[in-house]
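See below for the structure under consideration.
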Amino acid sequence: MKKPLFVAVLVLALSLEAKANEAPVPYKTLLAHIASEQLRLQALYQQPRADKAAIIAKARQYILQRLVLDVFPAWYGTPWAFYGTSATPKQGAVACGYFVFGVLRDVGFKLPRAKLAQLPSETAIQHLVSPKQLKRFSKASLEQIGEHLSKHGHGLYLAGLDSHIGFVVYDEKGARFVHSSYYNPPLAVVSEPLEGPNPFYDSKYRVIAPLLDDTMLQRWLSGEAFVLTRTPH
């Protein structure tokens with residue numbers, strides 16, 4: 001009986017090793033898969049008797065997983081540059097705003113990437129999220145930030161800083177900052193703890209807002225574009 005068990009374990013180990021060594025899915029292919037799933041969920045959402053709340057929840061989970069597990073990692077290591085506008089991971093360089101609004105556009109949100117990227121971070125965030133959802137911190141400790149995240153729960157947040165913008169991913173592993181970093185090192189897109197040295201830790205002013213709320217997902221499911229106005233929302 002021991003030999004078959006050993007063989008089964010060996011086969012499983014080899015299978016996992018092979019999967020770990022698989023080449024990552026090309027970015028264009030990944031985005032095509034995301035677009036296909038968006039169309040599928042949009043069709044379900046538009047059905048007369050659709051359980052819209054359930055579809056919104058499914059869309060939220062799907063987008064969050066694709067960003068955290070696939071899209072963000074594809075960008076890790078892409079060089080930062082102040083005027084970087086690259087739309088393709090590992091090619092050229094990308095500034096913080098172009099990274100943030102680029103990946104949101106890549107997962108299906110219709111938004112003006114360049115215009116948002118050129119706005120002050122707090123103003124840009126208000127074009128995506130209701131001002132009521134923004135939490136402003138001035139000279140706050142990381143403990144205060146942590147308490148805020150714990151209160152609002154796991155998910156994806158936008159963080160606008162003194163002169164920078166990025167994502168905060170908060171899950172069972174804790175909170176981490178995903179951004180195109182102008183610090184040297186890394187001078188690249190990176191995922192790192194909130195505690196520095198990094199722009200999040202060193203910033204004196206922080207604006208944090210949850211992403212993927214029902215209103216934002218309704219736009220994703222209906223194909224509605226984000227239109228910039230002089231007064232956000």
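We use all heavy atoms of the structure for the numbers below, so side chains are in, but hydrogens, waters and symmetry mates are not.
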Can you hop from [X] to [Y] via hydrophobic side chains spaced under 4.5 Å?
X	Y	result
Leu41	Ile56	yes
Val71	Tyr76	yes
Tyr62	Leu39	no
Val178	Val190	no
Leu31	Val103	yes

Flag the pair [X] and [Y] as a salt bridge only when some basic side-chain nitrogen lies within less than 4.0 angstrom of an acidic carboxylate oxygen.
X	Y	answer
Arg136	Glu122	yes
Arg176	Asp171	yes
Asp214	Arg60	yes

task = For Ser130, enumerate each residue passing the side-chain contact (heavy atoms from CB on, under 4.5 Å) test, keeping only those at least two apart in sequence or located in another chain.
result =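 By the side-chain contact (heavy atoms from CB on, under 4.5 Å) rule, Ser130 matches Lys132, Gln133.
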
inquiry  = Suppose we screen for side-chain contact (heavy atoms from CB on, under 4.5 Å). Which residues come up paired with Ala225, at least two apart in sequence or across chains?
reply    =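 Per chain and number, Ala225 pairs via side-chain contact (heavy atoms from CB on, under 4.5 Å) with Lys110.
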
Search all heavy atoms of [X] against all heavy atoms of [Y] and return the closest pair with its distance.
X	Y	answer
Arg113	Val94	NH2-CG2, 4.0 Å
Gln218	Tyr45	CG-OH, 3.5 Å
Ala74	Pro89	O-CB, 3.1 Å
Pro112	Leu228	CG-CD1, 3.1 Å
Ala50	Ile55	CB-CD1, 3.9 Å
Thr78	Lys90	OG1-N, 2.9 Å

ask   = Going through the checks in order, is the ring-ring contact (aromatic ring centres under 6.0 Å, His included) test met by Phe109 and Phe101?
value = CA-CA 9 Å; Phe109 291 102; Phe101 300 110; over 10 Å; no

Can you tell me if [X] uses its side chain to pair, donor with acceptor, with the backbone of [Y] under 3.5 Å?
X	Y	result
Asp162	Tyr205	yes
Gln144	Ser141	yes
Asn198	Ser181	no
Gln42	Trp220	yes
Asp51	Ala54	yes
Trp80	His179	no
Ser180	Phe99	no
Thr88	Gln91	no

key: Trp75 versus Tyr27, side-chain donor and acceptor atoms under 3.5 Å   =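 Side chains of Tyr27 and Trp75: pair found under 3.5 Å.
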
ask   = Crowded around Lys52 NZ? As in, over 12 foreign heavy atoms under 6.0 Å?
value =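 Yes.
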
request  = May I ask you to check whether over 12 heavy atoms, not counting those of Gln118, lie within 6.0 Å of atom CD?
outcome  =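 Yes.
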
request  = Report yes if the distance between the aromatic ring centroids of Tyr182 and His164 is under 6.0 Å, otherwise no.
outcome  =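 Judged by ring-centre distance (under 6.0 Å), Tyr182 and His164 do meet the cut-off.
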
key: ILVMFWY cluster membership beyond Tyr201 - transitive side-chain contacts under 4.5 angstrom   =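 Tyr201 shares its hydrophobic cluster with Phe137, Leu142, Ile145, Leu149, Tyr157, Leu161, Val168, Tyr170, Phe177, Leu194, Phe200, Ile208.
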
From [X] [atom1] over to [Y] [atom2], what is the distance, rounded to the nearest 0.5 angstrom?
X	Y	atom1	atom2	value
Leu128	Thr215	CG	OG1	12.0 Å
Leu119	Gln126	CG	CD	10.5 Å
Leu30	Ile34	CG	CD1	4.0 Å
Ile63	Gln38	CD1	CD	7.0 Å
Leu116	Ser121	CG	OG	12.0 Å

key: Contact check, side chains of Val129 and Leu134, non-hydrogen atoms, under 4.5 Å   =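 Result yes, sub-4.5 Å side-chain heavy-atom pair found.
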
message = I'd like to check Val100 versus Leu158 (side-chain heavy atoms, cut-off strictly below 4.5 Å). Are they in contact?
response =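 Val100 reaches Leu158 side chain to side chain.
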
